Amino acid sequence: MSLLKNSSFKWGVVLLCMILGTWLGIFLQNFRATAAIFANVTDFTFDIRQIDLVMLRFGVLFSMRINLGTIIGAVAGILITK
């Protein structure tokens, strides 16, 4: 358990568990029995399709979903790191 002493590693484990929990929540939204339980609490999107400078063209998209799976993943990640 010497790997869990590093603070950045602990936050990485919590973040990984939150991402996996969110994916599980999105997957469980596809089933009628669990769709209401795992509905998105937060759906936030920041989208700039195209920024065109003379020599450079780029776009920015940031999207965030939070559902019950995210919360369960966060709690699991905290319990794993303790």
Side-chain angles (χ1 to χ4, degrees):
M1 288 293 191
S2 64
L3 287 175
L4 293 178
K5 291 181 181 179
N6 188 353
S7 177
S8 63
F9 183 75
K10 286 182 181 181
W11 283 108
V13 169
V14 172
L15 184 65
L16 178 67
C17 288
M18 287 175 66
I19 291 170
L20 293 176
T22 303
W23 285 346
L24 178 66
I26 291 170
F27 175 73
L28 291 174
Q29 287 175 359
N30 294 326
F31 301 106
R32 189 179 312 169
T34 58
I37 298 170
F38 287 93
N40 289 341
V41 176
T42 301
D43 240 348
F44 175 77
T45 302
F46 177 76
D47 187 12
I48 299 175
R49 298 245 181 231
Q50 187 174 359
I51 297 174
D52 189 10
L53 303 173
V54 175
M55 330 180 292
L56 183 65
R57 181 181 301 166
F58 63 94
V60 176
L61 171 68
F62 176 76
S63 180
M64 180 174 65
R65 287 179 158 179
I66 297 176
N67 56 32
L68 181 63
T70 308
I71 298 168
I72 292 171
V75 171
I78 291 169
L79 292 176
I80 289 171
T81 58
K82 287 207 176 215

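What you see is a predicted model, and the numbers here were worked out from it, not measured in a lab.
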Distance in Å, Phe31 CZ paired with Ile37 CD1, rounded so as to fall on 0.5 Å steps: 13.0 Å
Common cluster, Ile66/Phe62, ILVMFWY with side-chain heavy-atom separation under 4.5 Å: yes
Path from Ile72 to Ile80 over hydrophobic side-chain contacts below 4.5 Å: no
Minimum heavy-atom distance Ala74-Val14, with the two atoms named: O-CG1, 4.4 Å
Over all atoms of both residues, closest heavy-atom pair of Asn67 and Gln29: ND2-NE2, 3.7 Å
Same apolar cluster: Val60 and Phe44, side chain cutoff 4.5 Å: yes
Nearest heavy-atom neighbours spanning Gly77 and Cys17: CA-SG, 3.6 Å
CG on Leu68 to CG on Leu28, rounded to 0.5 Å: 9.5 Å
Validation row: Phe58, Leu53 side chains within 4.5 angstrom (heavy atoms): yes
Heavy-atom closest contact (Thr22 atom, Arg65 atom, distance): CG2-O, 3.7 Å
Straight-line distance of Met64 CE to Thr42 OG1, nearest 0.5 Å: 6.0 Å
Spatial distance of atom CD1 (Ile51) from atom CG (Leu56) [nearest 0.5 Å]: 9.0 Å
Arg57: partners by salt bridge (Lys or Arg N to Asp or Glu O under 4.0 Å), with sequence neighbours left out: Asp52
Minimum side-chain heavy-atom gap Phe27-Phe38 below 4.5 Å: no
Transitive ILVMFWY cluster of Val75, excluding itself - 4.5 Å side-chain cut-off: Leu79
Where Leu61 and Thr45 come nearest, the two heavy atoms and their spacing: CD1-CG2, 3.8 Å
Working for side chain to side chain contact (heavy atoms under 4.5 Å, CB included), residues Lys82 and Ile78: CA-CA 6 Å; Lys82 287 207 176 215; Ile78 291 169; 4.0 Å; yes
